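Below is one structure; the comments refer to it alone.
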Amino acid sequence: MLAAQPLNISEALTLGERALRMVGIDSAKAESLWLLSEVTGLSRNELFLASKRSLELKEQKLFLSHLERRRNREPLQYILGHSYFYGLRLKVTSDVLIPRPETESLVELALNLLKGLKQPIILDLGTGSGAIALSLKHERPDAEVIASDISAKALEVAQRNASELNLKIDFYQADLFKGLEEILPELDLLISNPPYLLATDEGQLAPELSAEPALALYAGEDGLDVIRPLILEAKNHLKKGVQLLIELDPRAMPQSLALAKDYAEVKNYKDLLGRERFLWLER
């Protein structure tokens, strides 16, 4: 995207909003502000106060480059290089799923379940950017938090986030339970936000999803390719009394409840929109 002449902040914001709105982005005004704030280092309030300031050449080039990427429906968080989750700023790349606001409710549920339990041992299975594991460690410094993922590249992102936040997490590359056999018997809580979209969803949802790793999104024809073995195999690895907390697609709740019929206790919880999204099991 090219601008014929140097832009000031006000003109850049107007151009950005118009360009994003033309491709159907509803939050065009807010996203134009975020992008310009990122390249100038100014807060949103500072942008308005300095609305007549001309952009430096490098700022203008970078803003227009970011704008073109967003017009192509690359997720805003990948362009900015970070996302926020449970009050933490996390690095995100195209190797990890962008943390979703609804998953914050999963963290809330976990923290409530852990009340009264001293120095709990927690495994975040399929950690991605580390959002869940890092949030739990931040809120419960006494906990021993372990995080695993099948993707080595995702683990690199999660490890960097842990380092930058100065939070101690033990990371493992593992495919579900393989490679974690020595850890599993010690757990108090296993928490997971696994891939759960149906294969047929691909191409039918928001175009931004095509930029996120398919491995972290899609889970077969019924969306249960990961959740099914997670629920069924956990009984063979975990001690009695261990709690499992899983985020899933509301469409899969009936099948997931059926898979969990042999657990001592089973409950499901709704998200903020009233959809049955979280499954709690006790071994």
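Being a predicted model, the structure only gives us computed values, none of them experimental. Side-chain atoms are counted along with the backbone in the values below, which use heavy atoms only and exclude waters and symmetry mates.
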To the nearest 0.5 Å, what is the distance between [atom1] ([X]) and [atom2] ([Y])?
X      : Y      : atom1 : atom2 : result
Thr93  : Gln77  : OG1   : CD    : 12.5 Å
Thr127 : Asp124 : OG1   : CG    : 3.5 Å
Glu102 : Leu272 : CD    : CG    : 9.0 Å
Ser148 : Ile146 : OG    : CD1   : 9.0 Å
Glu186 : Leu123 : CD    : CG    : 12.5 Å
Ser37  : Phe63  : OG    : CZ    : 11.0 Å

Check whether the side chains of [X] and [Y] place a donor and an acceptor atom closer than 3.5 Å, and report yes or no.
X      : Y      : result
Glu276 : Asn268 : yes
Glu208 : Tyr78  : no
Glu247 : Tyr196 : yes

Would you name the heavy atoms of [X] and [Y] that are closest together and state the gap between them?
X      : Y      : answer
Leu165 : Arg89  : CD2-O, 4.3 Å
Ser32  : Ala12  : OG-O, 4.1 Å
Arg100 : Leu209 : NH2-CD2, 3.1 Å
Lys137 : Ile169 : CB-CD1, 3.7 Å
Pro120 : Asp188 : CA-OD2, 3.4 Å
Ile231 : Ser256 : CD1-O, 4.0 Å

Side-chain donor or acceptor of [X] paired with backbone N/O of [Y] under 3.5 Å:
X      : Y      : answer
Asp271 : Gly274 : yes
Glu74  : Glu68  : no
Thr14  : Ser10  : yes
Thr103 : Leu106 : no
Asp149 : Leu155 : no
Glu144 : Ile122 : no

Does [atom1] belonging to [X] count more than 12 external heavy atoms closer than 6.0 Å?
X      : atom1 : result
Glu181 : CD    : yes
Lys235 : NZ    : yes
Asn72  : CG    : yes
Lys270 : NZ    : no
Asp142 : CG    : yes

Please examine the side chains of [Y] and [X], heavy atoms only from C-beta on, and report whether any two atoms are closer than 4.5 Å.
X      : Y      : result
Lys267 : Glu282 : no
Arg140 : Leu111 : yes
Tyr172 : Ile183 : yes
Leu35  : Leu80  : yes
Leu224 : Gln255 : yes
Val266 : Leu279 : yes
Asp170 : Val145 : no
Pro195 : Leu217 : no

Could you walk me through whether Tyr86 and Glu139 pass the side chain to side chain contact (heavy atoms under 4.5 Å, CB included) test, one step at a time? CA-CA 10 Å; Tyr86 217 78; Glu139 297 297 317; 3.7 Å; yes
Common cluster, [X]/[Y], ILVMFWY with side-chain heavy-atom separation under 4.5 Å:
X      : Y      : answer
Leu189 : Leu230 : no
Leu134 : Leu114 : yes
Ile121 : Phe171 : no
Val226 : Leu238 : yes
Val242 : Leu125 : yes

Let's go through His82 and Leu90 carefully: what are the C-alpha distance in whole Å and the side-chain angles of both, what is the deciding distance for side chain to side chain contact (heavy atoms under 4.5 Å, CB included) to 0.1 Å, and is it a yes or a no? CA-CA 5 Å; His82 63 264; Leu90 303 174; over 6 Å; no
Going by ring pair (Phe, Tyr, Trp, His ring centres under 6.0 Å), name the pairs with one or both residues in residues 202-256, residues two or more places apart or in two chains. Phe177-His237
For residues 251-283, the ring pair (Phe, Tyr, Trp, His ring centres under 6.0 Å) pairs (sequence neighbours left out) are none
Sort out for me which residue in Glu31, Glu38, His66 forms a side chain to side chain contact (heavy atoms under 4.5 Å, CB included) with Ile79. His66
Side chain to side chain contact (heavy atoms under 4.5 Å, CB included) partner of Leu88, the single match among Ser129, Pro99, Ser135: Ser135
Candidate pair Glu56 and Lys61, rule salt bridge (charged side-chain N to carboxylate O under 4.0 Å, His left out), full reasoning: CA-CA 9 Å; Glu56 296 176 11; Lys61 284 184 175 180; over 6 Å; no
SB check [X] [Y] (cutoff 4.0 Å):
X      : Y      : value
Glu156 : Arg160 : no
Glu17  : Arg71  : no
Arg228 : Asp222 : yes
Asp201 : Arg251 : yes

Show your reasoning for whether side chain to side chain contact (heavy atoms under 4.5 Å, CB included) applies to Asn8 and Leu55. CA-CA 5 Å; Asn8 65 31; Leu55 294 180; over 6 Å; no
Chi angles and distances behind the side chain to side chain contact (heavy atoms under 4.5 Å, CB included) call for Leu33, Leu36: CA-CA 5 Å; Leu33 274 166; Leu36 195 57; over 6 Å; no
